[in-house]
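The chains referred to below are lettered A, B, ... by the order of the sequence lines, with proteins before strands, and numbering in each begins at 1. Everything numeric here is computed off the predicted structure, so don't read it as measured data.
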Amino acid sequence: MIRVTEDDFSIEEAASILRRVEVGAIVFFLGVVKGFREGEAVNEMIVEAYKEAAEAELEKIRREALERFGIIDALIIHRVGRLKPAENIVLVAASAGSRAEAFKACSWMIDEVKKRAPIWKKEITAKGGRWVKETVKP
Amino acid sequence: MKVEVKYYAWIREEIGEKETLEFNEGATVREIVKKLVEKHTHLAGENFLIAVNGRTVDMDTCLNEGDVVSVFPPAGGG
């Protein structure tokens, strides 16, 4: 399941989508708005997407993860709009027979989302706004 | 032919949400990029991507009347 949405999401709902009898592990990555960057308070984050292309790219990443890691299922939900510190931004989840594949797939998917999905973040601080130039790091 | 060009993120803030530009029939993406950089000089030297009708394309792709070209920065979400 792929979703680019203004609405918040529920980890429990995501778990219920992935929970099946053959699944032994579900690994989640939850990205939240960080309230500080380089010592400066971030008051708000604006997340913008080129929605059609972002949804297509997220689905491509999901399908690649299924093939590459042999996992059972995966989902990616990315929020857009104006978000406050500590609010949810992105949820990536992978379900598999055992945890090793699920961990690897989840880690790979969030790196690919950051590298490939046409989604951008603008942090609003007391000094104004700045677009985040993302680099993939843990 | 007329082509609608849409902008995203910091590029949208600099140029605006969208504009309609006139190109010769059969113009390629390369020619469109050249014209965009000539018109909006702050795009020169910047790293941006192009999609046509929602799909990423190579520079030799020819455009047709009514196509929608999207201009956007590299990914920065997650």
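To the nearest 0.5 Å, atom CD of residue A:E52 and atom CZ of residue B:R55 are 12.5 Å apart. Expressed to the nearest 0.5 Å, how far CH2 of A:W120 lies from CZ of B:F72 amounts to 6.0 Å.
Residues of residues 63-92 of chain A lying under 4.5 angstrom from chain B, judged on non-hydrogen atoms, are A:H78, A:I89, A:V90 in numerical order.
A continuous path of hydrophobic side-chain contacts links A:F9 to A:F28 [ILVMFWY only; heavy atoms under 4.5 Å]. If you chain together hydrophobic residues whose side chains sit under 4.5 Å apart, B:V71 and B:V33 fall into the same group. In the hydrophobic cluster analysis, where Ile, Leu, Val, Met, Phe, Trp and Tyr join through side-chain heavy atoms closer than 4.5 angstrom, B:L63 is grouped together with B:Y7. In terms of hydrophobic clustering, with Ile, Leu, Val, Met, Phe, Trp and Tyr side chains grouped at heavy-atom distances under 4.5 Å, A:L18 and A:W108 are assigned to different clusters.
Within 6.0 Å of CD in A:E22 there are more than 12 heavy atoms belonging to other residues, nucleotides or ligands. At most 12 non-hydrogen atoms from other residues, nucleotides or ligands lie less than 6.0 angstrom from CG of B:N24. Heavy atoms from other residues, nucleotides or ligands lying under 6.0 Å from CD of A:E12 number 12 at most. Other residues, nucleotides and ligands place more than 12 heavy atoms under 6.0 Å from the CD atom of B:E65. The environment of CZ in A:F103 is sparse: at most 12 heavy-atom neighbours from other residues, nucleotides or ligands sit within 6.0 Å. Within a 6.0 Å radius of NZ in B:K35, other residues, nucleotides and ligands contribute more than 12 heavy atoms.
Ranked by heavy-atom pairs under 4.5 Å with chain B, the list A:P118, A:A54, A:A117 is led by A:A117.
Considering every non-hydrogen atom in both B:A75 and A:K114, the closest pair reads CB-O, 3.3 Å. Scanning both residues, B:S70 and A:Y50, for their nearest heavy atoms gives OG-OH, 3.1 Å.
When heavy atoms are compared at a cutoff of 4.5 Å, A:A56 does not approach chain B at all. At a 4.5 Å heavy-atom cutoff, the contact between B:P74 and chain A is made by backbone atoms alone.
Residues B:E13 and A:W131 have side chains in contact (heavy-atom distance under 4.5 Å, counting atoms from C-beta outward).
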